[in-house]
Chemist: 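Take this structure first; my questions come after.
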Amino acid sequence: MEKIVERGLLYDFYGELLTEHQRRIYEDAVFQDMSLAEIAEEAGISRQGVHDLLRRCDKLLLDYESKLHLAERFMEAKKTVKEILRLTGEASEIGEAESAKRLLEIRKLSNQLLNEL
C-alpha cells in the first residue's frame, strides 16, 4: 500500500486514539501536505519536534493496526464485495447452469464476509 494512502487509512481507523495535539499536527502533515517548518511555526515547536511527533504517531497507528487489524479486515471485506459485484454484474450474460454456480460462489463469499465482520 502506498505510504500516504496507508497513513490516511490508519488515521481513519485509529486517529481518534491520538491526542488533540497529535491529531492536529498529523492532519497538517498528511492531509494538508504542510512542511515541517510550516507546522512547527504554526504549533510553536521546532521542526525536529514536529518530525519526532509524526514518527511517534506513525508508530502508534501501526501498533494499533498490528493489534486490532481493523484496516486489514476492511480491505479484505472491500475485496470480497468487489468480487461479489463482479459475479453479479456478469450474471445476465450467462446460462442458467453458470448462474447457479455463481450464486453458490456469492453465497460463499457473503458468508465469509459476515464471519469476518
Side-chain angles (χ1 to χ4, degrees):
M1 199 180 327
E2 187 179 324
K3 183 164 175 101
I4 193 74
V5 173
E6 180 182 28
R7 289 175 98 185
L9 185 63
L10 293 177
Y11 183 82
D12 286 344
F13 280 96
Y14 308 110
E16 290 297 315
L17 299 173
L18 301 175
T19 67
E20 179 62 36
H21 178 69
Q22 289 171 326
R23 280 196 307 269
R24 188 176 67 251
I25 290 179
Y26 199 82
E27 287 173 1
D28 285 346
V30 175
F31 300 118
Q32 304 302 323
D33 199 28
M34 293 173 65
S35 70
L36 297 179
E38 292 171 320
I39 298 168
E41 184 179 325
E42 186 178 284
I45 58 177
S46 69
R47 288 179 65 240
Q48 184 64 44
V50 172
H51 179 266
D52 291 345
L53 188 139
L54 291 173
R55 288 186 52 153
R56 278 194 311 274
C57 288
D58 281 335
K59 183 180 179 337
L60 278 170
L61 296 174
L62 286 168
D63 286 347
Y64 290 134
E65 176 61 15
S66 72
K67 291 177 177 113
L68 301 172
H69 304 284
L70 296 177
E72 178 185 339
R73 288 171 47 198
F74 171 78
M75 294 306 290
E76 286 298 317
K78 189 174 178 179
K79 189 169 85 174
T80 301
V81 169
K82 284 182 180 181
E83 179 63 11
I84 289 170
L85 289 173
R86 185 191 69 76
L87 289 168
T88 58
E90 302 166 2
S92 62
E93 304 167 9
I94 57 174
E96 194 172 310
E98 183 64 23
S99 289
K101 183 178 170 186
R102 288 188 184 194
L103 284 173
L104 287 173
E105 183 64 22
I106 290 168
R107 178 177 291 271
K108 177 182 160 193
L109 290 170
S110 298
N111 284 326
Q112 174 188 334
L113 185 58
L114 284 173
N115 288 331
E116 290 173 4
L117 300 175

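Being a predicted model, the structure only gives us computed values, none of them experimental. Side-chain atoms are counted along with the backbone in the values below, which use heavy atoms only and exclude waters and symmetry mates.
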Chemist: For the residue pair Y26 / R7, report whether a side-chain donor-acceptor contact shorter than 3.5 Å exists.
Modeler: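 Side chains of R7 and Y26: pair found under 3.5 Å.
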
Chemist: Do the side chains of Y64 and L17 get nearer than 4.5 Å, heavy atoms only?
Modeler: yes

Chemist: Salt bridge between D52 and R56, side-chain N to carboxylate O under 4.0 Å?
Modeler: no

Chemist: Say you draw a straight line from CG of L36 to OG of S46; how long is it, rounded to the nearest 0.5 Å?
Modeler: 9.5 Å

Chemist: Rounded to the nearest 0.5 Å, how far does CD1 of I84 lie from CD of E105?
Modeler: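 So the CD of E105 and the CD1 of I84 are separated by 9.0 Å.
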
Chemist: Under 4.0 Å between a side-chain nitrogen and a carboxylate oxygen: does that hold for E6 and K3?
Modeler: no

Chemist: Is the shortest heavy-atom distance from the side chain of H21 to the side chain of R24 under 4.5 Å?
Modeler: yes

Chemist: Determine yes or no for a side-chain-to-main-chain donor-acceptor pair under 3.5 angstrom, with Q22 supplying the side chain and C57 the backbone.
Modeler: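 The answer is no, because no donor-acceptor pair under 3.5 Å joins these two groups.
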
Chemist: Before giving the answer on salt bridge (charged side-chain N to carboxylate O under 4.0 Å, His left out), spell out for R73 and E76 the whole-Å C-alpha distance, their side-chain angles and the decisive distance to 0.1 Å.
Modeler: CA-CA 5 Å; R73 288 171 47 198; E76 286 298 317; over 6 Å; no

Chemist: Can you measure from CG (L10) to CG (L62) and round to the nearest 0.5 angstrom?
Modeler: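 CG of L62 is found 5.5 Å from CG of L10.
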
Chemist: Side chains of I25 and I45: does their closest heavy-atom pair fall under 4.5 Å?
Modeler: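 Result yes, sub-4.5 Å side-chain heavy-atom pair found.
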
Chemist: Please evaluate residues Y14 and L68 with respect to the criterion side-chain contact (heavy atoms from CB on, under 4.5 Å), reporting the C-alpha separation (whole Å), side-chain torsions for both, the decisive distance (0.1 Å), and the verdict.
Modeler: CA-CA 10 Å; Y14 308 110; L68 301 172; 3.7 Å; yes

Chemist: Please list, chain by chain and in numerical order, all residues satisfying side chain to side chain donor-acceptor pair (under 3.5 Å) with H51, sequence neighbours excluded.
Modeler: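 Here no residue qualifies.
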
Chemist: Do F13 and V5 land in one hydrophobic cluster if side-chain heavy atoms of ILVMFWY residues count as linked below 4.5 Å?
Modeler: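 Same hydrophobic cluster.
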
Chemist: Does one side chain, of E83 or T80, offer a donor that lies under 3.5 Å from an acceptor on the other?
Modeler: no

Chemist: I need the E41 CD to R47 CZ distance, nearest 0.5 Å.
Modeler: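 That separation rounds to 12.0 Å.
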
Chemist: Taking the basic N atoms (NZ, or NE/NH1/NH2) and the acidic carboxylate oxygens, is any pair closer than 4.0 Å for E20 and R23?
Modeler: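 Yes, E20 and R23 are salt-bridged.
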
Chemist: Roughly how far apart are L85 CG and L109 CG, rounded to 0.5 Å?
Modeler: 11.0 Å

Chemist: For a quick test of reading the model, state the closest non-hydrogen atom pair linking G15 to L61 and the distance between them.
Modeler: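 For G15 versus L61, the nearest heavy atoms are N-CD2, 4.2 Å.
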
Chemist: Measure from the side-chain N and O atoms of E65 to the backbone N and O of L70, and report whether any donor-acceptor pair falls under 3.5 Å.
Modeler: yes

Chemist: If we ignore hydrogens and angles and just use 3.5 Å, is the side chain of E42 paired with the main-chain N or O of I39 as donor and acceptor?
Modeler: no

Chemist: Could you tell me the separation between the CG atom of L9 and the CD atom of E2, rounded to the nearest 0.5 Å?
Modeler: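 Answer for the CG-CD pair, L9 versus E2, is 12.5 Å.
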
